[in-house]
Amino acid sequence: MMKPRVRFAPSPTGALHIGGLRTALYNYLFARKHGGTFILRIEDTDQGRYVPGAEDYIIEALKWTGLVPDEGVGFGGQNGPYRQSDRKDTYQQYAHALVQSGHAYYAFDTPEALDAQRQSIDNFTYNHTTRDGLSNSLTLGDAASQQRVDAGEPFVIRLKVLPGREIHIQDLIRGSVVFQSSELDDKVLLKADGMPTYHLANIVDDHLMNITHVIRGEEWLPSTAHHVLLYEGFGWSDTMPQFAHLPLIMKPVGNGKLSKRDGAKFGMPVFPLNWKGETDEDSFEGFREAGFLPEAVVNFLALLGWHPGNDQEIFSMEALMEAFTIENIGKSGARFDFEKAKWFNQKYIQALDTEALAARVRPLVAAKGYRTNAEYLEKAVGLMQERATVLPDFVETGYYLFEPVKSYEADAVQKKWNAAMAPFMAELIQVLHDFEPFLTLPLEEMVKKIMQEKGLKPGDVMPLLRIALVGTMKGPAVFDTAVVLGRDETIQRLQTFLQYVVDLQ
Ligand code: GLU
């Protein structure tokens, strides 16, 4: 295959939805697999929907997940500028050229005149049936229209769609898709304020940036009909990119596509990073802040619509680049399964060595104000590694590795405590003071011995030891925990617990 050039072309209208990130990922993987180029283009021509901060958010989300563009806003490149608001002049030239070649026309209808049409005609659209009765260069003639344009009268440029044609596209995912030109409206290409619409800017840029494949969400499929006509109008049909329209991402349950509101509804992130909007309703939690590893998010997203053709589930980015093909993208919606996202995260947490894991957990430890050294942190995360699903588990569930136990599971203490425990614990504390080596197995042997001497069973002792050390019945293995906490802390906790129980009596 010729080296592909693909683009991710988000509009900065708010936080980048997880579905947008999947689009970026598939573009990235396709480019990487074939040694091609991945471009970030910011489609910000709709001033009304522009949201400050959204562009930075997009860039940060791409960097976080490692989807670093070869060219684009914030990344340099020879085909820029890559922000559409910086390319206004280009679009104007192309729009006017399309009028010259007869594929587009000027329209002077005022907003009021169009409103009047909408009032009198049900489902009014500006198209081959209505345009003859409206104020445009087709009805006014070229000379009169040019005069109006030269006189500074406001105008838009519309695509002239001829009826009676079948427009075929060969979508790489959906196969052959046919549109009837009679059903298409005469889309505005250039607005009265001189800004292009999405359609014009998108096509001009895909052409000028030599895009070979357009991989984007399925919601853009209907636009493709107009896009094909634009390519024709410009005389660029030969270099028209190939299209691949990705399946929807569906809600975790029920029908319909995943929406940004589903995050709050189902208690899960649907954005890569936190987003602070104007209101709480418009603010969203990100996968990053929820404690997901970017490689887990990438793996999860890759399989949300694409399948490897076998039952392999764990894919590093390199493995994805190798395995990814457009042919294996599904047509039907992919269900967003947050449990699965957590499963991936757990797997990726478990696969890290403790040094790397400690590096990921360290910022959370610092944010809590815990003071700990590198060596201790590694031991602590190693102890919790098997039980953690998201990074905050290390400092929330596992807080007791960084500060004293805050509370004991009272019911369990009640149930398990018996008169023989006090002398047992007292003796254990005594022995621990100079017990060597302070390691899991020797500790276990030693405790067993004392238990036997006192006629106690593991079922009597172990739950209480665990509660003493971590406050709850759930938690890592008791002696491993003691080793991580160290001799002094272990003794301290046993004493504190003993005191607590004595006070209870
Ligand atoms: N600006 C469009 C978006 O926000 C781009 C669609 C496309 O990739 O053509 O998704």
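Just so you know, ligand 1 is whichever comes first in the structure, and atom 1 is the first atom listed for that ligand.
Around ligand 1, the residues contributing at least one heavy atom under 4.0 Å from the ligand are R7, A9, P10, S11, E43, Y198, N202, R216, W220.
In this view, T23 and F8, N27, L246 satisfy the side chain to side chain contact (heavy atoms under 4.5 Å, CB included) rule, not counting sequence neighbours.
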Please list, one pair per line, the donor and acceptor atoms closer than 3.5 Å that link side chains of residues 232-240 to other protein atoms, with sequence neighbours excluded.
residue : atom : partner : partner atom : Å
E232    : OE1  : R165    : NH1          : 2.8
E232    : OE2  : R165    : NH2          : 3.0
W236    : NE1  : H207    : NE2          : 3.3
T239    : OG1  : W236    : O            : 3.2

Pairs of donor and acceptor atoms involving the side chains of residues 290-297, under 3.5 Å and at least two apart or interchain, shall be tabulated with distances.
residue : atom : partner : partner atom : Å
E295    : OE1  : R360    : NH1          : 3.2
E295    : OE2  : R360    : NH1          : 3.3
E295    : OE2  : R360    : NH2          : 2.6

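With hydrogens and angles left out, the side-chain atoms of D142 and Q146 include no donor and acceptor closer than 3.5 Å. Between the side chains of H199 and T197, not a single donor N or O lies within less than 3.5 Å of an accepting N or O.
Side-chain contact between S259 and D262 is present, with heavy atoms from C-beta onward closer than 4.5 Å.
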